[in-house]
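Sequential numbering from 1 along the given sequence is applied to the chain's residues.
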Amino acid sequence: NLLPDEGLGGERSTGAGKFQSICIQEDNLPMPDSYSYFMNLSLVSPKDQQEMNQANFYRLIRRGGRRTAKDGQLKLTNMIQEGAVFEQELEGRLIDISPQANNSYLRNGKAFSIPLHKNFETLWNTNNIN
């Protein structure tokens, strides 16, 4: 029920294109052997340096920092924005942004990715994107 209101990125709709409903449909994607890259559809916080090293195209965004009535200001964290391209599918992690580091406030940094066909690299090389 949250998906029409919040969208994939977790930000509320501005009302300029509200989802009326969501239809979940199973799709049979080919085996991952035919894929060379993955693109995340969600904000991601890599679980370690090895996952971060898989990033080819990405932008960072700072999230958190809002003030709560009970616990004060939440910690800030850097996350990788939606649409980043990785060499392997990432797992990501949950980030503790609570002021007391007691896991009372967690930000979802788990990866929600889709595979990109191996021909994506041809487009990448053709346009000289670095």
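Legend: residues meeting side-chain contact (heavy atoms from CB on, under 4.5 Å) with L94, ordered by chain and number and at least two apart, are L106, N108, K110.
The shortest heavy-atom contact between Q73 and P99 is O-CG, 3.2 Å. Looking at every heavy atom in both residues, N40 comes nearest to Q81 through ND2-O, 3.2 Å. In plain terms, the two heavy atoms of N56 and Y37 that are nearest each other are ND2-CE2, 3.3 Å.
Here the side chains of V85 and Y58 are not in contact, with every heavy-atom distance at 4.5 Å or above. Contact of the I80 side chain with the F86 side chain is registered, since non-hydrogen atoms from C-beta on lie closer than 4.5 Å. For the pair L43 and R63, the minimum side-chain heavy-atom distance is below 4.5 Å. Residues K75 and I95 are not in side-chain contact: their nearest non-hydrogen atoms beyond the backbone lie 4.5 Å or more apart.
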Derivation and outcome, side chain to side chain contact (heavy atoms under 4.5 Å, CB included), residues T77 and R62: CA-CA 6 Å; T77 186; R62 198 150 199 177; over 6 Å; no

Derivation and outcome, side chain to side chain contact (heavy atoms under 4.5 Å, CB included), residues L90 and Q54: CA-CA 8 Å; L90 301 188; Q54 301 302 316; 4.2 Å; yes

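Counting only distance, with no hydrogens or angles, the side chain of S113 and the backbone of E89 share no donor-acceptor pair below 3.5 Å. With hydrogens and angles ignored, the 3.5 Å screen pairs no side-chain donor or acceptor of N78 with any backbone N or O of L60.
Atom CZ of R93 is separated from atom OG of S45 by 3.5 Å, given to the nearest 0.5 angstrom. Taking CG from D71 and CG from N102, the interatomic distance works out to 7.0 Å, rounded to the nearest 0.5 Å. A distance of 8.0 Å separates OG of S104 from CG of L74, quoted to the nearest 0.5 Å. Here CD of E82 is found 8.5 Å from CG of L41. Values are rounded to the nearest 0.5 Å. Here the CZ atom belonging to F112 is positioned 7.5 Å from the OG atom belonging to S42, to the nearest 0.5 angstrom.
Pairs of residues two or more places apart, or lying in two chains, that qualify as salt bridge (Lys or Arg N to Asp or Glu O under 4.0 Å) and include a residue from residues 40-56 are K47-E91.
Residues I61 and M52 do not share a hydrophobic cluster, defined by chaining ILVMFWY side chains whose heavy atoms lie under 4.5 Å apart.
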